[in-house]
Amino acid sequence: MEKKVNGEALKAIGFTEGKIIGMILTQAASVTTDAATLLGLLTKLNEYPESFLDDPEWKSVAQAMVEAANAAVDTTIPLVGNPDAFAVYGPEFIEAGATTQMTTAMKLPITIAGALMPDAHQGYGLPIGGVLATRNAVIPYGVGVDIGCRMALSITDIPVEFFRANEARFKRELIAQTKFGAGNGFKGREKIDHAVLENETFQITGLLRGLKERAAAQLGTSGGGNHFAEWGVIDFAESDAELGIEKGQYLAFLTHSGSRGLGATIAGHYTRLAKSICPLPPEAANLAWLDLDSEAGQEYWLAMNLAGDYASACHAVIHRKMLQSVGAGLLGKVENHHNFAWKEILNGEEVIVHRKGATPAGKGVMGIIPGSMTAPGFLVRGKGEAAAINSASHGAGRQMSRTQAVKKITREAMRAELKANEVTLIGAGTDEAPMAYKDIRQVMSAQTDLVDTIAMFTPKMVRMAGDGSRED
DNA sequence: ATGTCC
């Protein structure tokens, strides 16, 4: 059956505009190529008209197509020209790139307010350490890749002296009860059941249904990067009535991790979707948002909350196993997300508060701000500072990138630093060395308007993902 | 951060 180059055939291979179809039919009449070859060529023309701009036979059609494409309505959403100012805490610690990214975020038409925490540094879209309040819209990259990345602290009834006298046992159990490494999960009978796996949100989309199995395998694992599980001593200079903890020193277990592959896949999926729905100028492209009244926005909101619950469940499992393994009882527990979005009231209005590497610090709200593997972390209580959108930093922040740290810091220097601070380390490369981080005390001094310190946690035994190994 | 673009 012979193919014909007619209007119907051109529509079948994707041409839509009558004017272009007319031009092609005119040109087709004056070429000798057989119909099948010609349709093949025209298929390419439709896909890549730019590559035909020098073609002697098809350049005029190609040019008309390129011009038509350029004249198409520009759907890019414009940014606001004169954005509001935003509060910056500890500007002397913050790299210029992070401030530029925050300024761009302030220009979104959905933005109500923003703030930059003293550990801020550049990220994708919103900077890490950035807080952004928006009106009825959620920005997947305003939450970050590791949805529900969080801290959890268990204050135990084990005397500090007992820990000091039995470090070998604590080390053995820290290795036995935790699992680190990108992609890692439990296999077979090692897998841990938890009510979060019965959360019906897993059934609302094909994406989530498909993620449940890996989530089940990774439940109770810690992942890689800057995630850790550590024993340390927490020092309460004063008794805390709310926690019910008397002044003094306690052995405590502290963890930092998130929602593993589950949250990462959700973040990736909805960021791509947001970018396709919400085209923004290049400098703001990663700040694409989803309207909370849209189906995609509601899906993301539910999926994000599922990832948050899952991350919380992971910490709960790690703490339960760890404390049980050493026979520790629980005196007090504090935990908080630092990569998440919440519906909150700001200056009397309901807003969506994105905290991407920022600790919730509403009035009276407790949170944990870790230092580094040798520097202290702080148990804090928020002051509810509106200018900071009820937030604080989520750590010390890096002063060297991972690549910089690997180049500059030797194994020996890292070992000496650990020894000087009497910290036992399991895993971790020089990219996580204490010297790669800013001075947490300086960072804390930049946010005295945002939080009060309740207690100080000193790391003693730290586990992180191995140096490139997956057999953690 | 993440089996690092379905």
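Chain A is the first sequence line, chain B the second, and so forth, proteins listed ahead of strands; every chain is numbered from 1. What you see is a predicted model; the values in this text were computed from it and never measured.
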Original post:
Is there a side-chain polar atom (N or O) of A:Arg260 under 4.0 Å from OP1 or OP2 of B:dT2?
Top reply: yes
Original post:
Any chance the rings of A:His256 and A:His394 have centres within less than 6.0 Å?
Top reply: no
Original post:
Rounded to the Å, how far apart are A:Arg272 CZ and B:dC6 P?
Top reply: 5 Å
Subject >> Nucleotide B:dC5, atom P - distance to OH of A:Tyr141 in whole Å >> reply: 8 Å
Subject >> Between P of B:dT2 and CZ of A:Phe180, the distance in whole Å >> reply: 10 Å
Original post:
Nearest to the side chain of A:Arg214 - B:dC6, B:dT2, B:dG3?
Top reply: B:dG3
Original post:
Which is true for A:Gly223 with a 4.0 Å heavy-atom rule: it touches a base, it touches only sugar-phosphate, or it touches nothing?
Top reply: sugar-phosphate
**OP:** Please report, rounded to the nearest Å, how far the C1' atom of B:dG3 is from the NZ atom of A:Lys179.
**Re:** 15 Å
Original post:
Does any non-hydrogen side-chain atom of A:Glu335 lie less than 4.5 Å from one of A:Arg150?
Top reply: yes
Original post:
Would you call A:Glu412-A:Lys419 a salt bridge at under 4.0 Å N-O?
Top reply: no
**OP:** Give A:Gly258 one of three labels, base, sugar-phosphate or nothing, depending on what nucleic acid heavy atoms sit under 4.0 Å from its own.
**Re:** nothing
Original post:
Quick one: ring-ring contact (aromatic ring centres under 6.0 Å, His included) partners of A:Tyr270, sequence neighbours excluded?
Top reply: A:Tyr300
Original post:
A:Tyr270 has an atom OH; how far is it from atom C1' of B:dC5, in whole Å?
Top reply: 17 Å
Subject >> Protein-nucleotide distance (A:Leu211, atom CG; B:dC6, atom C1'), rounded to Å >> reply: 12 Å
**OP:** Using a heavy-atom cut-off of under 4.0 Å over every strand shown, decide if A:Gly224 touches base, sugar-phosphate, or nothing.
**Re:** sugar-phosphate
Subject >> side chain to side chain donor-acceptor pair (under 3.5 Å) involving A:Arg441 - partner list, sequence neighbours excluded >> reply: none
**OP:** Take the protein atom CG of A:Asn286 and the nucleotide atom P of B:dC5, then report the distance between them rounded to whole Å.
**Re:** 13 Å
Original post:
Contact class for A:His227 vs. all strands (heavy atom < 4.0 Å): base, sugar-phosphate, or nothing?
Top reply: sugar-phosphate
Original post:
Could you state the CD-C1' distance from A:Gln218 to B:dG3, rounded to the nearest angstrom?
Top reply: 9 Å
